[in-house]
Number of protein chains: 2
Amino acid sequence: MDPLGFEHHDHRRCVATALAAAQAHCARHRLNLTPVRRRVLELLLEGHRAMGAYDILDHLREEGLGAQPPVAYRALDFLVSHGFAHKIERLNAFIACTDPETVHTPAFLICRGCHAVAEAQAEPTRGMLGRAAAEAGFEIEQAMIEALGRCPNCREGEAAPCA
Amino acid sequence: MDPLGFEHHDHRRCVATALAAAQAHCARHRLNLTPVRRRVLELLLEGHRAMGAYDILDHLREEGLGAQPPVAYRALDFLVSHGFAHKIERLNAFIACTDPETVHTPAFLICRGCHAVAEAQAEPTRGMLGRAAAEAGFEIEQAMIEALGRCPNCREGEAAPCA
DNA sequence: CTCCATATGTTATAATATAATATCTGCGGC
DNA sequence: GCCGCAGATATTATATTATAACATATGGAG
């Protein structure tokens with residue numbers, strides 16, 4: 001998929017590419033992409049949507065990769081802390097990062113129709129928020145930006161039926 | 001404290017003022033500010049920080065206003081849905097709104113030192129996020145912006161000790 | 001007074017997350 | 001080799017956050 005959007009795409013290929021990239025990144029940075037961690041990332045990439053820790057755990061359990069919550073949470077912690085995945089606080093769910101190589105402040109566009117989630121770039125230290133923080137003397141270290149709304153696909157299906 | 005900041009202030013007075021304003025607002029809009037709802041708002045205003053639903057519930061229980069989770073959650077739902085309070089997703093906690101009369105997109109500055117939370121104004125449909133959404137054809141209906149960092153008071157206590 | 005809408009009370013349980021402890025595994029040093 | 005350590009995993013138990021479902025009360029409209 002396009003990292004910014006809701007468009008259709010060659011999904012099998014994007015999973016394989018992202019997984020290979022993650023593996024390469026881990027090799028370069030001496031990170032240990034263990035089978036569980038790798039599989040969780042793969043599940044997130046395949047799902048291509050926000051998945052709960054217990055959704056993940058169900059898959060792991062079926063595959064004999066672990067049956068208890070900490071297994072899923074530890075793998076997710078690893079992925080999140082190294083930028084391979086993000087947590088969507090609004091949904092208590094996790095999603096694969098669309099661009100792990102770039103340090104960025106992600107913003108998420110969450111469709112309330114189909115529950116798809118797109119990742120966008122944000123720049124919290126600019127704009128009104130940055131100004132307000134600067135005025136208050138607050139130092140922003142990390143920001144979470146999640147927008148709820150309608151994706152283009154879901155907007156098509158509704159529209160004004162009046163008249 | 002000033003509604004937008006981390007400054008000290010006449011707290012007793014700000015609680016009373018906000019509570020009176022809420023009461024007036026409810027009267028004008030035919031909203032039912034029942035004792036539990038009113039007390040929960042007062043607790044949030046007094047606490048002047050993000051409080052968990054179960055923190056609230058503890059107080060209610062002590063005061064004989066309700067002992068089960070739904071009591072707290074229902075009151076919080078009322079307050080949030082009418083703009084008297086906000087939920088901080090990042091903390092799974094709730095905080096009194098500093099400006100219920102103005103329709104706004106709040107952004108929160110959460111201090112990781114003292115856990116104070118300040119409310120700022122944001123404008124999600126402008127800036128990078130708005131542009132990204134527009135490009136993707138996504139319609140933002142609601143946004144949640146939560147920044148983690150250090151408030152001015154906590155920044156003072158640290159600072160570079162080198163040299 | 002009755003009906004109805006709204007609010008409250010209560011029980012039970014769902015969903016999300018972590019603490020604490022034990023075990024395993026690979027690997028550098030000796 | 002094998003000791004000891006660091007990181008990873010496994011398991012048990014429990015904490016924390018949230019809601020479903022249903023029963024009861026309360027106050028105003030007709």
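Because the structure is a prediction, the values reported are computed rather than measured. Chain letters run A, B, ... following the sequence lines, proteins first, then strands; residues in each count from 1. Every heavy atom of this structure was used, including side-chain atoms; hydrogens, water molecules and symmetry mates were not.
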Audit row: A:Glu139, B:Arg112, salt bridge (Lys or Arg N to Asp or Glu O under 4.0 Å) steps and yes/no: CA-CA 11 Å; A:Glu139 181 188 19; B:Arg112 66 172 168 76; over 6 Å; no
- request: Give me the other members of the hydrophobic cluster that A:Met144 sits in, counting Ile, Leu, Val, Met, Phe, Trp and Tyr linked by side-chain heavy atoms under 4.5 Å, directly or via other members.
  value: B:Met144
Side chain to side chain contact (heavy atoms under 4.5 Å, CB included) against A:Leu148, all qualifying residues, sequence neighbours excluded: A:Arg90, A:Ile110, B:Gln142
What protein N or O atoms touch nucleotides 8-14 of chain C N or O atoms at under 3.5 angstrom, if any, and at what distances?
from, atom 1, to, atom 2, distance (Å)
C:dT8, OP1, B:Thr34, OG1, 2.6
C:dG9, N7, B:Arg74, NH2, 2.5
C:dG9, O6, B:Arg74, NH1, 3.0

- request: State yes or no: do B:Val80 and B:Leu41 share one hydrophobic cluster built from I, L, V, M, F, W and Y residues joined by side-chain heavy-atom distances below 4.5 Å, directly or via other members?
  value: yes
statement: Residues at least two apart in sequence or cross-chain that pass ring-ring contact (aromatic ring centres under 6.0 Å, His included) with B:Tyr73, listed by chain then number, are none
- request: Answer whether the closest heavy-atom distance between the side chains of B:Val117 and B:Leu91 falls below 4.5 Å.
  value: yes
message: Need the bend value for the helix from C:dC1-D:dG30 to C:dC30-D:dG1: angle between end axes, 5 pairs each end, nearest 10°.
response: 10°
Between the protein and nucleotides 3-5 of chain C, list every N/O to N/O distance that falls short of 3.5 Å.
none

message: Please confirm whether the ring centroid of A:Phe108 lies under 6.0 Å from the ring centroid of A:His86.
response: yes
message: Show, in sequence, the C-alpha distance, side-chain angles and deciding distance for A:Ile88 and A:Glu146, and conclude whether the side-chain contact (heavy atoms from CB on, under 4.5 Å) test is met.
response: CA-CA 8 Å; A:Ile88 311 289; A:Glu146 298 174 8; 3.8 Å; yes
statement: Residues at least two apart in sequence or cross-chain that pass side-chain hydrogen bond (donor to acceptor under 3.5 Å, both in side chains) with B:Arg74, listed by chain then number, are none
For B:His25, side chain to side chain contact (heavy atoms under 4.5 Å, CB included) partners two or more places apart: B:Arg28, B:His29, B:Leu31, B:Phe84, B:Glu101
- prompt: Which whole-number value in Å describes the distance from B:Leu33 CG to C:dT6 C1'?
  reply: 15 Å
- prompt: Which pairs, with at least one residue in residues 114-156 of chain B and sequence neighbours excluded, count as a ring-ring contact (aromatic ring centres under 6.0 Å, His included)?
  reply: A:Phe6-B:Phe138
Under the side chain to side chain contact (heavy atoms under 4.5 Å, CB included) test, residues paired with B:Gln23 that sit two or more places apart: B:Leu33, B:Arg38
task: State whether A:Lys87 places a side-chain N or O below 4.0 Å from either non-bridging phosphate oxygen (OP1 or OP2) of C:dA17.
output: yes
field: NZ/NE/NH1/NH2 to OD/OE distance under 4.0 Å, B:Glu46 and B:Arg39
entry: yes
- prompt: Looking at B:Asn92, does any N or O in its side chain come under 4.0 Å of the phosphate oxygens OP1/OP2 on C:dT16?
  reply: no
field: 4.5 Å side-chain heavy-atom contact, A:His11 and A:Leu45
entry: no
message: Expressed as a whole number of angstroms, how long is the span from B:Tyr73:OH to C:dA15:P?
response: 15 Å
query: Near DNA chain D, which residues from residues 79-86 of chain A have a heavy atom under 4.0 Å away?
result: none
- prompt: Between B:Val40 and B:Leu65, does a side-chain contact (heavy atoms from CB on, under 4.5 Å) hold up when you go through it step by step?
  reply: CA-CA 10 Å; B:Val40 171; B:Leu65 280 170; over 6 Å; no
task: Would you mind reading off the distance between A:Ile88 atom CD1 and C:dT16 atom P, rounded to a whole angstrom?
output: 14 Å
- request: Name the first nucleotide and the last nucleotide along DNA chain D (5' to 3') that come under 4.0 Å of a heavy atom in chain A.
  value: D:dA8 to D:dT12
